[in-house]
Amino acid sequence: MKIRFGIVDISATIVVLFAILLPPPSPGLAPAYEKQRPGLEHEIAAAQAELAQHPGWGHAAQELARLLTEIRQYGWALRVAGEATQRAEPGSLWRAYLAVSSVHAERLEIKPAYEWAEKALGACAAPGAECAPYERVRMTVYTDALKAGLDSGIDPLLDPDGFTHAIDRAFPHTRVRSGAAPR
């Protein structure tokens, strides 16, 4: 009796040997923010808890969206901020609008960022809005910078330096000389 081995037999033997000799798969999953700054996962968890406790508080949604943007979870941040625009109380609605704008700006989607910034500015000026004058000024500068970038016609995805220069031309930086005052 002769035993004959064909190509199928040899291939099957090799596959079985590989399956036996390969190391076992590594268990567990790592969080998306594992390599970010220490303690960020606790900040995100606290912000999620705050938003769950106070779903109508725009500040909670704004903070969670900011943290999610920091770990480049833009889709998740947009969802959080977008849902907050539907639930936010009138006093803090501007914060939810600004959160949506900020996420769009991080994604270099300037037109929607500008449109949401305009909504935020309008909600900030509305009666009953909890929007301090310094926040309104900061938002006005942000909105004007987005507008200057839009008006330049430069696509920030294709020419980020040109886009930045267009905004810098519209808003030159104020420089304060260090040291003694000139005589």
Next on the checklist: Nearest 0.5 angstrom please: E135 CD to C124 SG, how far?
Outcome noted: 7.0 Å
Item to check | Any Y114 side-chain heavy atom under 4.5 Å of H104 side chain | outcome: no
Checklist entry - Can R72 and E106 be counted as an ion pair, charged N to O under 4.0 angstrom? => result no
Next on the checklist: Hydrophobic clustering (ILVMFWY, side-chain heavy atoms < 4.5 Å, transitive) - are L121 and I167 grouped together?
Outcome noted: yes
Next on the checklist: Quick check: is W116 connected to Y74 through a chain of hydrophobic side chains (ILVMFWY, heavy atoms under 4.5 Å apart)?
Outcome noted: yes
Next on the checklist: Please determine whether residues W76 and L40 belong to a single hydrophobic cluster, defined as Ile, Leu, Val, Met, Phe, Trp and Tyr linked transitively by side-chain heavy-atom distances below 4.5 Å.
Outcome noted: yes
Checklist entry - Hey, does D161 have a side-chain heavy atom less than 4.5 Å from the side chain of D159? => result yes
Item to check | S101 and Y142: CA distance, side-chain angles, deciding distance, side-chain hydrogen bond (donor to acceptor under 3.5 Å, both in side chains) verdict | outcome: CA-CA 10 Å; S101 174; Y142 168 71; 2.7 Å; yes
Checklist outcome for this item: For E89, the side-chain hydrogen bond (donor to acceptor under 3.5 Å, both in side chains) test, sequence neighbours excluded, returns none
Item to check | For E50, all residues meeting side-chain hydrogen bond (donor to acceptor under 3.5 Å, both in side chains), sequence neighbours excluded | outcome: none
Next on the checklist: Assess whether a salt bridge exists between K119 and E115, defined as any Lys/Arg side-chain N lying under 4.0 Å from an Asp/Glu carboxylate O.
Outcome noted: no
Checklist entry - Does atom CG of L21 have more than 12 heavy-atom neighbours, drawn from other residues, nucleotides or ligands, at distances under 6.0 Å? => result yes
Checklist entry - Looking at L51 and W57, what are the two nearest heavy atoms and their distance? => result CD1-O, 4.4 Å
Checklist entry - Less than 4.5 Å apart, any side-chain heavy atom of P156 and any of I110? => result yes
Item to check | Least distance between heavy atoms, G58 atom then S92 atom | outcome: N-OG, 2.8 Å
Item to check | Co-members of L108 in a cluster of I, L, V, M, F, W and Y side chains, linked at under 4.5 Å | outcome: L157
Checklist entry - Does V80 share a hydrophobic cluster with V100, counting links as ILVMFWY side-chain heavy atoms below 4.5 Å and allowing steps through other members? => result no
Next on the checklist: Distance check, rounded to the nearest 0.5 Å: E41 atom CD versus I71 atom CD1?
Outcome noted: 10.0 Å
Checklist entry - Shortest non-hydrogen contact from L98 to R138? => result CD2-NH2, 3.8 Å
Next on the checklist: Quick one, R107 and L78 - any side-chain contact, counting heavy atoms below 4.5 Å?
Outcome noted: yes
Checklist entry - Is any NZ, NE, NH1 or NH2 atom of the basic residue among E63 and R66 found under 4.0 Å from an Asp or Glu carboxylate oxygen of the other? => result yes
